[in-house]
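Numbering of ligands and ligand atoms starts at 1, following listing order. The structure presented is a predicted model; accordingly, all values stated were derived computationally and were not measured.
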Amino acid sequence: MLRTPLCDTLGIEKPVFQGGMAWIADASLAAAVSEAGGLGIIAAMNAGPEWLRGQIHELRARTDKPFGVNVMLMSPFADEVAQVVADEKVPVVVTGAGNPRKYMRAWIEAGVKVVPVVASVALAKLVARAGAAAVVAEGTESGGHIGELTTMALVPQVVDAVDIPVVAAGGIADGRGVAAALMLRAQGVQVGTRFLVADECTVSDAYKELVISAKDISTRATGRSTGHPVRALKTRFTNEYARLEAAGATPEELAEFGTGALRRAAKDGDVKNGSFLCGQVAGMVSRRQSAAEIVDDLVDGAERVLSEGSAWVR
Ligand code: TUI
């Protein structure tokens, strides 16, 4: 059985977080992952507080297991959704795309375990000092908003810098990736891309088909000129975005071009005008499965690799 101290800290059975994917990670997917023994996560993304409260209630109607809410710190509603997290005494809050320090005291006082996503050692140290229960160290292989460092480089440096558990994210889609993360001394993994094709994931069918047909070089990062690079599947949208960026479009012009693109991908399946955020491991995702099958395959696969790996040591 694969179990790390982080499982006891968070009250979960298996050290697998489901990524808080904007417009995608709703109560349906999160409840299924939590029910399977992992940590399901609802993405608050750019939604308002009432949407989040509704999703939390829906999830609680489906499972009594621990779950998380992802607060995207660049959201215009970040203050309000942060308050909902405290009011609802959500078991775990995961933050992304910024520094969560201004919310941490209120969350911790409400009994919420705080697990910030970090892309650097500096932010990991800062949030550890502020009382984080763990950190997610997210490499640039991930889909969505990304930092510079790879998972292989980032995770061990964060592990060495803080004395709280580290969860590895970015580039992990099967048991081999989970085992590798544990070898880097992470205590768990966060997986997004593979859960895109889960049966309980309510994303558009076109999104699932694009992920399944993707190969190793099917994603690209755009938006470096804005300071907020984003990885997505290469589509007409990313080509056009990159063309505008290369032609010197301002961050405001690029933001306007991108407005609504995540919703168009996730909800409408608009292959022409949508932004299909996705990690570099899309080429490893080849079939639809239930969330429980995905969680079990990640954990069972890791157990297999870890037990076989020792045979190579003489
Ligand atoms: O947040 C994510 N992934 C996301 S958020 C998102 S919604 C969005 N859409 C378009 C543009 C921007 C956002 C889609 N995917 N992952 C967690 C993550 N956080 N990755 C990198 C970071 C990060 C980067 C810099 C966290 C902190 C940071 O610096 C903080 C500081 O100010 O020191």
Atom indices of ligand 1 within 4.0 angstrom of [X] heavy atoms, with elements:
| X | result |
| --- | --- |
| L123 | 27 (C), 30 (C) |
| L277 | 14 (C) |
| G144 | 14 (C), 15 (N) |

Heavy-atom pair with the smallest gap, counting every atom of A97 and L73 =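 What the structure gives for the nearest pair is O-CB, 4.1 Å.
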What are the two closest heavy atoms between I212 and S286, and how far apart are they?
->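 That would be CG2-O, 3.6 Å.
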Give a yes/no verdict on whether any heavy atom in V118 is under 4.0 Å from an atom of ligand 1.
->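 In this structure, V118 fails to qualify as a contact of ligand 1 - no heavy atom is under 4.0 Å.
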Measure the distances from the heavy atoms of M74 to every atom of ligand 1 and state whether one is below 4.0 angstrom.
->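 Yes, M74 has heavy atoms under 4.0 Å from ligand 1.
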What residues form a ring-ring contact (aromatic ring centres under 6.0 Å, His included) with F276, not counting sequence neighbours?
->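 Here the qualifying residues are Y207.
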For E138 and ligand 1, does the shortest N/O to N/O distance drop below 3.5 Å?
->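 Checking ligand 1 against E138, an N or O pair does fall under 3.5 Å apart.
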Which pairs would a plain distance check flag for residues 22-39, meaning a side-chain donor or acceptor within less than 3.5 Å of a matching protein atom at least two apart in sequence or in another chain?
from: D26; atom 1: OD1; to: S28; atom 2: N; distance (Å): 3.2
from: D26; atom 1: OD1; to: L29; atom 2: N; distance (Å): 3.3
from: D26; atom 1: OD2; to: T202; atom 2: OG1; distance (Å): 2.7
from: S28; atom 1: OG; to: E200; atom 2: O; distance (Å): 2.6
from: S34; atom 1: OG; to: A30; atom 2: O; distance (Å): 3.4
from: S34; atom 1: OG; to: G40; atom 2: N; distance (Å): 2.9
from: S34; atom 1: OG; to: P66; atom 2: O; distance (Å): 2.8
from: E35; atom 1: OE1; to: T63; atom 2: OG1; distance (Å): 2.6

Less than 4.0 Å between atom 27 (C) of ligand 1 and some protein heavy atom, yes or no?
->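 Yes, because at least one protein heavy atom sits under 4.0 Å from atom 27 (C) of ligand 1.
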What's the shortest distance from atom 24 (C) of ligand 1 to any protein heavy atom, and which residue and atom give it?
->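 Protein heavy atom with the smallest distance to atom 24 (C) of ligand 1: H145 NE2, 3.9 Å.
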Count the heavy atoms of every other residue, nucleotide or ligand shown that sit under 6.0 Å from CZ of R62, and state whether that count exceeds 12.
->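 Above 12, so yes.
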Verify the cluster assignment for L196 and V285: are they in a single hydrophobic cluster under the rule of side-chain heavy atoms below 4.5 Å apart?
->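 Same hydrophobic cluster.
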